[in-house]
Enquirer: 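Once you've had a glance at the structure underneath, I'll fire off some questions.
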Amino acid sequence: MTQEVRVRFAPSPTGPLHIGGVRTALYNYLFAHKMGGKFIVRIEDTDQARFVPGAEEYIKESLDWLDIQADESPWQPGETGPYRQSERKPDYMQYALDLVKKGHAYYAFDTPEDLEAMRERLTAARVVQPQYNNITRTQMKNSLTLPEDEVERRLASGEPYVIRVKIPRQEEVRLKDLIRGWVVVHTSTLDDKVLMKSDGMPTYHLANIVDDHLMGITHVIRGEEWLPSAPLHVLLYRYLGWENSMPEFAHLPLLLKPDGNGKLSKRDGDKLGFPVFPLDWKNQKDGSSAPGFREQGYLPEALLNFLAFLGWNPGDERELFTKEELIEAFSLERIGKSGTKFDIEKAKWYNEQYLKKMDNEVLAKYIIDDAKKDGFDISVELASAAASLNKERVTFPQELWEASKLLVIAPKTFDEKVATKRWNQDAIKVLNKYVEKLSGYHGVFNSETAKELLNSSAEIEEIKLGKVMQAVRLAVTGLGAGPDLMQVFSILGKEEVKNRINFALQELKPID
RNA sequence: GGUCCGUUCGUCUAGGGGUUAGGACGCAUCCCUUUCACGGAUGAAACACGGGUUCGAUUCCCGUACGGACUACCA
């Protein structure tokens, strides 16, 4: 029998959650649900210097918005908590000490200045990669070079120290990545990474391994930026005696800039005018801000669908998936290997697809709210009709009100280009006749009857309706393009149509 | 620089030793329509390069080029 799948998303609260992080969370979530397992969110806040207030709340709100719900998290603790590493602080030291005892780690007393001097010396000696490793450690101040009694003296006196892993000299570390296959790294290229910092906090490397083990994580699904340090993690599992229960690894391809090269950053969003964060972000410290997908009008279902397809596909030609369908179709095997450029046009397309499937009543709320901001109170009926009329014509919900204004506000000015081209005697004749017909009509006024009346007006004047339609549109909406005119008439009502036409008739000068 | 990872239309990708290399976004044209949009149809558009292996490579192997990640007491 196989154990329950447990995966985690482990962001650090150092700023707004990046959209790439959201995708990582999504893949973890989809995999967990596909496998009938658990999805855990753990906050990796071991770096006190980089902690940003509000960042954790931002992470939570982002995941909530997209409905990527965790089974266990700081906000909904399970049995393997706490779910913030800062709250797990007392637990880490014992594992570091265990490694020291076993000879796989050691104390180091080097000051930042010592380290800097070492790097300078190495650089001067033209060593290409100045680092604290199995060669240079012999020249540094650590428990490998210092006499035992001095180490104890320094420790006892409270001198700051770190604990570093002791990377073996000549070994090959092999790990099987679910996405990339076997990756082999020689230990001579690894450095003696710090495991415990002088402030008593573990680094990512130690905390990550300890927590994943303690939380029973079975699969580590994370960004490709972690691949280079994965061999170190394998070594740590081994040295801690946990190799048999070591999780499987899956390193996700990165999200890249849409143009040029490099990984997607906040700058790209600013430059190309699209968000790279799920939600609007306001830094409480320095007041800086960044736009979010939510506020731009992206629908959570659409963004989720779009994100899922950035580096993954179901193998068939379907593209529109609900979350449940994504879960059903998801597999790690179908994740691609190469980096994925971020194409905002595709995201917009997804949004349009989801937007036009939404209920008019739901969309009506957007219109009502936006109209209110402009000082207009509109009924639910009108707003729903407006939504129905316009939802296939826009990308974002907030564009709906703009598109619907012609239903609420009578035109005061008229598109000049259309006027100079279409406002001729024929149009005026037909419109005059139409007004006349409208006044004499007392039946039901809907798009069909509105059209019939218009048709007969044209017939009487012996003018082809098609030739004056643009002018009719101009008279009633002031515009040269827009939604189906007869539906607009039907929504406007007979009197309003009549009034608008009369206004146009007296405002506009004929061209011939 | 070093280590590791990658490379199919502009972009996201399917495919896989013999295919007219498929789909989607975007783009163009046409159709629908009173207009714009939606929708439909059509089109332009790709296997990075060089060697091998093979009867045959876009597919397998090796190089090269290019791209990316990492190279902190950051995650």
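Order of the sequence lines sets the chain letters (A, B, ...), proteins ahead of strands, with each chain counted from 1.
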Enquirer: Identify whether the distance between the nearest side-chain nitrogen and carboxylate oxygen of A:R50 and A:D45 falls below 4.0 Å.
Expert: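 No, this pair does not count.
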Enquirer: Could you tell me whether the side chain of A:K346 has a donor or acceptor atom within less than 3.5 Å of a complementary atom in the base of B:A24?
Expert: yes
Enquirer: With sequence neighbours left out, what residues match A:D114 under salt bridge (charged side-chain N to carboxylate O under 4.0 Å, His left out)?
Expert: A:K141
Enquirer: Tabulated below should be each protein N or O lying under 3.5 Å from an N or O of nucleotides 73-75 of chain B; please produce it.
Expert:
from	atom 1	to	atom 2	distance (Å)
B:C73	O2	A:S198	N	2.7
B:C73	O2	A:S198	OG	2.9
B:C73	N3	A:S198	OG	3.1
B:C73	N4	A:D110	O	3.2
B:C74	OP2	A:K197	NZ	3.2
B:C74	O2'	A:D47	OD2	3.0
B:C74	O2'	A:R50	NE	3.2
B:C74	O2'	A:R50	NH2	3.1
B:C74	O2	A:R50	NH2	3.2
B:A75	OP1	A:T46	OG1	2.8
B:A75	OP1	A:K197	NZ	2.7
B:A75	OP2	A:Y204	N	3.2
B:A75	O3'	A:E44	OE1	3.1
B:A75	O2'	A:S12	OG	3.0

Enquirer: Would you say that A:T145 contacts A:M140 through its side chain, given a criterion of any heavy-atom pair below 4.5 Å between the two side chains?
Expert: no
Enquirer: Check whether any side-chain N or O of A:N313 sits under 4.0 Å from OP1 or OP2 of B:A14, and answer yes or no.
Expert: yes
Enquirer: Which nucleotide, if any, forms a Watson-Crick or G-U wobble pair with B:G10, using both distances under 3.5 Å?
Expert: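 By the stated definition (distances under 3.5 Å), B:C25 pairs with B:G10.
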Enquirer: Can you list every pair that meets salt bridge (Lys or Arg N to Asp or Glu O under 4.0 Å) and has a residue in residues 305-315 of chain A, with sequence neighbours left out?
Expert: none
Enquirer: Which residues satisfy the salt bridge (charged side-chain N to carboxylate O under 4.0 Å, His left out) test with A:D343, sequence neighbours excluded?
Expert: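 Partners of A:D343 under the salt bridge (charged side-chain N to carboxylate O under 4.0 Å, His left out) test: none.
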Enquirer: Kindly list each side-chain donor-acceptor pair under 3.5 angstrom involving residues 11-22 of chain A, sequence neighbours excluded, with atom names and distances?
Expert:
from	atom 1	to	atom 2	distance (Å)
A:H18	ND1	A:G20	N	2.8
A:H18	NE2	A:L264	O	3.1

Enquirer: Taking only Lys NZ, Arg NE, NH1 and NH2, and the carboxylate oxygens of Asp or Glu, determine whether A:K346 and A:E319 approach each other closer than 4.0 Å.
Expert: yes
Enquirer: Collect all protein-nucleotide pairs involving nucleotides 1-6 of chain B in which both atoms are nitrogen or oxygen and the distance is under 3.5 Å.
Expert:
from	atom 1	to	atom 2	distance (Å)
B:C5	O2'	A:R180	NH1	2.5
B:C5	O2'	A:E224	OE2	2.9

Enquirer: Hey, are A:K60 and A:E57 close enough for a salt bridge, meaning a charged N less than 4.0 Å from a carboxylate O?
Expert: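 Looking at A:E57 together with A:K60, the answer is no, because their closest N to O distance does not fall below 4.0 Å.
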Enquirer: Tabulated below should be each protein N or O lying under 3.5 Å from an N or O of nucleotides 57-59 of chain B; please produce it.
Expert:
none

Enquirer: Whole angstrom is fine here: how far is it from CG in A:L206 over to C1' in B:A72?
Expert: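 One finds 16 Å between C1' of B:A72 and CG of A:L206, rounded.
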Enquirer: Check whether any side-chain nitrogen or oxygen of A:K263 sits under 4.0 Å from OP1 or OP2 of B:C70, and answer yes or no.
Expert: yes
Enquirer: Tell me every residue that passes salt bridge (charged side-chain N to carboxylate O under 4.0 Å, His left out) with A:E402, counting only those two or more places apart in sequence or in another chain.
Expert: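 Checked A:E402 against salt bridge (charged side-chain N to carboxylate O under 4.0 Å, His left out); matches are A:K405.
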Enquirer: Searching all strands shown, indicate the nucleotide that pairs with B:U3 (Watson-Crick or G-U wobble; both distances under 3.5 Å).
Expert: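 Pairing partner, where one exists within any strand: B:A69.
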Enquirer: Under 3.5 Å, which N/O atoms of the protein pair with N/O atoms of nucleotides 39-43 of chain B?
Expert:
from	atom 1	to	atom 2	distance (Å)
B:G39	OP1	A:K356	NZ	3.0

Enquirer: Just the rounded figure in Å: distance from P of B:U35 to CG of A:N390.
Expert: 18 Å
Enquirer: Hey, can you pull the donor-acceptor pairs under 3.5 Å for the side chains in residues 467-478 of chain A, sequence neighbours left out?
Expert:
from	atom 1	to	atom 2	distance (Å)
A:R473	NH1	A:P483	O	3.1
A:R473	NH2	A:P483	O	3.0
A:T477	OG1	A:R473	O	2.8
A:T477	OG1	A:L479	N	3.1

Enquirer: Just jot down the salt bridge (charged side-chain N to carboxylate O under 4.0 Å, His left out) partners of A:D316, sequence neighbours excluded, or say none.
Expert: A:R318
Enquirer: Side chain of A:D484 only, heavy atoms from C-beta on: which candidate in B:A69, B:U34, B:G23 is closest?
Expert: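 From the listed options, B:U34 comes nearest.
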Enquirer: P atom, B:C66 versus B:C61: distance in rounded Å?
Expert: 22 Å
Enquirer: Can you list everything that forms a side chain to side chain contact (heavy atoms under 4.5 Å, CB included) with A:E172? Sequence neighbours excluded, please.
Expert: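 With sequence neighbours excluded, A:E172 shows a side chain to side chain contact (heavy atoms under 4.5 Å, CB included) to A:V184, A:H186, given in chain and number order.
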Enquirer: Would you call A:K193 and A:D191 a salt bridge, taking side-chain N to carboxylate O under 4.0 Å as the test?
Expert: yes
